[in-house]
Enquirer: 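Below you will find the structure I want to go over with you.
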Amino acid sequence: MKLVLITAIAEFEKDVKKMLKEAKVKSYSYRDVKGFRDASDESVEDNWFGSEMNETDSVVFYAFILQQNLDILFDEVFAFNKKVESISKVHLAVLSVEKYN
């Protein structure tokens with residue numbers, strides 16, 4: 001059993017739900033959050049938003065997932081990120097669960 005954490009901009013919420021469904025994840029939690037990016041070290045030409053501090057409407061998903069479904073989810077996220085025409089991507093992290101009840 002693994003715990004996955006997925007973050008994305010709010011516009012990708014339906015896409016993430018579809019990815020979870022494709023990976024046969026039947027139960028998950030999600031929450032609206034504010035994404036933050038400090039771009040003060042970037043030059044104005046490289047900074048898409050044109051300011052130093054940027055907040056974005058985002059979502060974060062949490063799910064316990066079986067190992068055999070994890071590869072499917074990674075493939076879904078990879079394929080989505082490859083085709084999406086946006087600077088923002090879906091981010092997926094996996095945390096090991098030593099014990100659960």
Enquirer: Starting from Phe64, can I reach Val94 by hopping between I/L/V/M/F/W/Y residues whose side chains sit under 4.5 Å apart?
Expert: no

Enquirer: Find out if a path of hydrophobic residues (ILVMFWY) with successive side-chain heavy-atom gaps under 4.5 Å connects Phe78 to Phe74.
Expert: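 No; tracing contacts between hydrophobic side chains, which count when under 4.5 Å, never links both residues.
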
Enquirer: Which heavy atom of Glu13 sits nearest a heavy atom of Asp32, and at what distance?
Expert: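 Looking at all heavy atoms of both residues, the shortest contact is OE1-OD1, 4.3 Å.
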
Enquirer: Consider only side-chain heavy atoms of I, L, V, M, F, W and Y, link residues closer than 4.5 Å, and tell whether Ile87 and Phe12 are in one cluster.
Expert: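 Shared cluster, no.
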
Enquirer: How many angstroms lie between CZ in Phe80 and NZ in Lys89, if you round to the nearest 0.5 Å?
Expert: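 Going from the CZ atom of Phe80 to the NZ atom of Lys89 covers 8.5 Å.
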
Enquirer: At what distance, to the nearest 0.5 angstrom, does OG of Ser58 lie from CZ of Arg31?
Expert: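 Reported to 0.5 Å precision, the distance equals 13.5 Å.
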
Enquirer: Roughly how far apart are Phe61 CZ and Met19 CE, rounded to 0.5 Å?
Expert: 9.0 Å

Enquirer: Could you state the interatomic distance from CD (Glu76) to CG (Asn81), rounded to the nearest 0.5 Å?
Expert: 11.5 Å

Enquirer: Closest heavy-atom contact between Val77 and Val90?
Expert: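 So the minimum-distance heavy-atom pair works out to CG1-O, 3.7 Å.
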
Enquirer: Taking Leu66 as the starting point, is it possible to reach Leu3 by hopping between hydrophobic residues whose side chains are less than 4.5 Å apart?
Expert: yes

Enquirer: Quick check: closest heavy atoms across Leu70 and Lys2, and the distance to 0.1 Å?
Expert: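 Scanning both residues completely, I find the closest heavy atoms to be CD2-CG, 4.1 Å.
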
Enquirer: If every non-hydrogen atom of Tyr28 is compared with every non-hydrogen atom of Lys17, which pair is closest and at what distance?
Expert: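 For Tyr28 and Lys17, the tightest heavy-atom pair comes out as OH-CG, 3.3 Å.
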
Enquirer: Begin from the C-alpha positions of Thr56 and Lys34 and carry the test side-chain hydrogen bond (donor to acceptor under 3.5 Å, both in side chains) through to its verdict.
Expert: CA-CA 6 Å; Thr56 308; Lys34 287 286 185 190; over 6 Å; no

Enquirer: Other residues, nucleotides and ligands only: do more than 12 of their heavy atoms fall within 6.0 Å of OH on Tyr30?
Expert: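 Atom OH in Tyr30 is not crowded, with 12 or fewer foreign heavy atoms closer than 6.0 Å.
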
Enquirer: Locate the shortest heavy-atom distance separating Ser27 from Ala63; write the atom from each residue and the value.
Expert: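 Closest heavy-atom pair between Ser27 and Ala63: O-CB, 4.0 Å.
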
Enquirer: Minimum heavy-atom separation for Val59 and Ile9, please, with both atom names.
Expert: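 For Val59 and Ile9, the tightest heavy-atom pair comes out as CG2-O, 4.1 Å.
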
Enquirer: Show your reasoning for whether side-chain contact (heavy atoms from CB on, under 4.5 Å) applies to Leu92 and Val4.
Expert: CA-CA 7 Å; Leu92 171 61; Val4 295; 3.9 Å; yes

Enquirer: Run Ile65 and Met1 through side-chain contact (heavy atoms from CB on, under 4.5 Å) and show every step you take.
Expert: CA-CA 6 Å; Ile65 183 169; Met1 179 76 59; 5.9 Å; no

Enquirer: Can you name the one residue among Leu73, Ile72, Asp15, Asn69 that meets side-chain contact (heavy atoms from CB on, under 4.5 Å) with Leu20?
Expert: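 Among Leu73, Ile72, Asp15, Asn69, the one that satisfies the side-chain contact (heavy atoms from CB on, under 4.5 Å) with Leu20 is Leu73.
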
Enquirer: Let me confirm one number: the CD1-OH distance from Ile6 to Tyr62, rounded to the nearest 0.5 Å.
Expert: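 It comes to 11.5 Å.
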
